[in-house]
Amino acid sequence: MLPTEVRKDRMLRDRKGRVAKKLRISVTDRCNFACLFCMPEKDKISWIPTKEILDFDEIERVATVLASLGIEKVRITGGEPLLRRDLEKLVGKITSIDGIRSVDMTTNGWHLESKAGALRRAGLRGVTVSLHSLRSDRFARISGVDALPRVLRGIEKALDEGLKPVKINSVAIRGYNDDEILDLIEYARERRISIRFIEFMPFDGLGMWDYEKVVSGKEIIDAVSRRYPLVATGRGSSETSSIWRFGDGKGDLGLITPMSEPFCDDCDRVRLTSDGKLLSCLFDTEYHDLRSILRNGATDGELADAILKAVWKKPDGVGYMPWIKDGWAKPRNMNAIGG
Ligand code: SAM
């Protein structure tokens with residue numbers, strides 16, 4: 001039962017008093033890459049059937065209801081979001097929703113060179129491109145596709161088009177690419193791009209995650225500060241990254257540390273999966289089905305009530321799940337959740 005104060009103030013408040021302001025929308029679980037820390041083996045993938053995937057009007061409707069409940073910022077993700085045809089149309093719809101202040105996207109970069117202009121014209125603010133190696137052969141081994149030059153061209157194009165911010169996301173995995181942290185940083189610094197290292201989380205389809213493979217934020221700072229003087233600026237309220245500025249003024253470095261230093265107490269994010277499930281916590285196993293509510297003729301008020309109830313039950317977060325380190329049955333692979 002929803003408490004009276006939530007029914008009255010109609011904000012996305014949970015039991016701990018956290019209020020959601022940001023929404024990640026996964027527009028597809030499909031990806032043309034097969035990053036080894038994300039997707040299962042090719043012959044073991046079962047994609048979400050097309051008829052279960054929300055169309056753009058349905059996504060717009062859920063986003064509009066969420067905006068009426070206080071969501072202000074949207075990030076479009078996937079799977080690979082740019083596999084959705086005419087994605088710029090969805091960007092245009094979402095940027096036009098009352099209350100939405102910014103729409104950004106996370107992408108593997110494959111279609112960025114051809115799409116950056118249309119996305120910017122549709123109102124996309126910034127783009128985060130995943131880049132885990134600068135060595136062609138290793139990039140291909142990690143992502144399953146020999147695409148490094150194309151992804152790098154996509155990053156340049158995003159910068160030329162004026163998308164802002166352009167950022168890089170990198171997952172450092174021990175024994176795979178942890179010897180490239182400084183090279184990736186240098187690449188980002190030369191272009192004044194912010195780079196974020198995300199700790200490896202147990203959402204991989206191959207089941208290769210174990211704590212030994214997680215390169216912690218602290219390890220990264222120790223290694224980087226041996227080469228570059230760093231100034232800690234901390235983690236802004238409800239942000240995912242702890243930011244370190246380079247002492248010489250050439251940009252900054254972010255660390256996203258859900259495994260070693262979780263940041264659940266001020267989490268202000270909710271997720272909508274491509275098949276219309278609302279997820280109030282990345283690590284939650286309870287998926288709230290909005291698609292059937294939408295498709296069964298519910299009013300916006302009924303949809304809003306279902307969303308408020310789902311968010312109210314948001315779990316405390318990974319920081320309160322001690323079992324995570326002892327092996328854990330993950331809910332879905334990252335490509336189907338939306339990172
Ligand atoms: N296809 C897009 C991409 O490659 O950026 C967007 C979706 S991807 C799931 C979103 C982000 O999640 C990427 O930056 C990716 O590196 C990250 N990611 C995927 N699996 C992860 C895992 N097991 N642990 C940490 N980050 C992961």
Side-chain angles (χ1 to χ4, degrees), residues 24-40 45 47-48 74-84 87 104-112 115 119 124 126-133 139 142-145 147-148 150-152 154-155 158 163 166-174 176-178 180-181 184 188 193-217 220 240-241 254-260 262-263 269 271-274 279 282-283 318 324 328 330-339:
R24 299 210 176 171
I25 302 177
S26 171
V27 292
T28 179
D29 61 324
R30 291 171 195 247
C31 192
N32 55 324
F33 285 14
C35 295
L36 49 83
F37 44 79
C38 184
M39 300 276 278
I45 302 177
W47 302 117
I48 298 173
V74 170
R75 174 167 296 276
I76 297 180
T77 181
E80 173 46 38
L82 291 176
L83 294 186
R84 273 300 282 263
L87 190 72
D104 292 73
M105 182 181 297
T106 303
T107 172
N108 65 22
W110 175 260
H111 285 300
L112 198 51
K115 283 288 193 176
L119 290 165
L124 189 77
V127 74
T128 300
V129 183
S130 299
L131 182 67
H132 315 288
S133 175
F139 184 101
I142 291 177
S143 72
V145 181
L148 178 63
R150 183 167 166 155
V151 170
L152 297 183
I155 294 172
L163 287 169
V166 176
K167 292 187 202 165
I168 289 174
N169 264 1
S170 203
V171 183
I173 304 186
R174 198 177 316 286
Y176 288 80
N177 61 348
D178 51 329
E180 273 195 74
I181 290 167
L184 284 160
I193 297 175
S194 296
I195 182 163
R196 309 276 181 258
F197 286 94
I198 313 174
E199 289 177 350
F200 182 22
M201 295 181 275
F203 296 114
D204 60 308
L206 295 177
M208 64 178 269
W209 185 90
D210 69 54
Y211 213 83
E212 290 306 305
K213 293 200 182 75
V214 177
V215 181
S216 71
I220 292 178
T240 52
S241 313
L255 297 169
I256 304 177
T257 58
M259 297 285 94
S260 67
F263 36 84
R269 288 170 295 288
R271 293 179 151 77
L272 179 68
T273 66
S274 57
L279 197 55
L282 181 60
F283 287 80
V318 60
I324 196 92
W328 162 69
K330 64 182 180 298
R332 281 180 170 192
N333 302 329
M334 190 63 128
N335 68 296
I337 302 174

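Order of appearance sets the numbers: ligands from 1, and atoms from 1 within every ligand. All figures in this text were calculated on a predicted structure; none of them were measured in a lab.
Arg30 places no side-chain N or O within donor-acceptor distance of the main-chain N or O of Gly79, the cut-off being under 3.5 Å. Under the 3.5 Å distance criterion, the side-chain polar atoms of Asp29 are matched with a main-chain donor or acceptor of Ile48.
In this structure, a donor-acceptor pair under 3.5 Å is present between the side chains of Glu180 and Ser133. A donor and an acceptor atom, one from each side chain of Thr107 and Glu80, are located under 3.5 Å apart. Looking at Arg75 and Thr106, their side chains do bring a donor and an acceptor atom within 3.5 Å of each other.
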Present, as a list of atom pairs with distances to 0.1 Å, all nitrogen or oxygen contacts under 3.5 Å between ligand 1 and the protein.
residue: ligand 1; atom: 1 (N); partner: Gly79; partner atom: O; Å: 2.9
residue: ligand 1; atom: 1 (N); partner: Glu80; partner atom: OE1; Å: 3.0
residue: ligand 1; atom: 4 (O); partner: Ser130; partner atom: OG; Å: 3.4
residue: ligand 1; atom: 5 (O); partner: Thr107; partner atom: O; Å: 3.3
residue: ligand 1; atom: 5 (O); partner: Ser130; partner atom: OG; Å: 2.5
residue: ligand 1; atom: 14 (O); partner: Ser130; partner atom: OG; Å: 2.8
residue: ligand 1; atom: 14 (O); partner: Asn169; partner atom: ND2; Å: 3.1
residue: ligand 1; atom: 20 (N); partner: Phe37; partner atom: O; Å: 3.3
residue: ligand 1; atom: 23 (N); partner: Phe37; partner atom: O; Å: 2.7
residue: ligand 1; atom: 23 (N); partner: Met201; partner atom: O; Å: 2.9
residue: ligand 1; atom: 24 (N); partner: Met201; partner atom: N; Å: 2.9

Steps toward ring-ring contact (aromatic ring centres under 6.0 Å, His included) verdict (Phe37, Tyr176): CA-CA 11 Å; Phe37 44 79; Tyr176 288 80; 9.3 Å; no
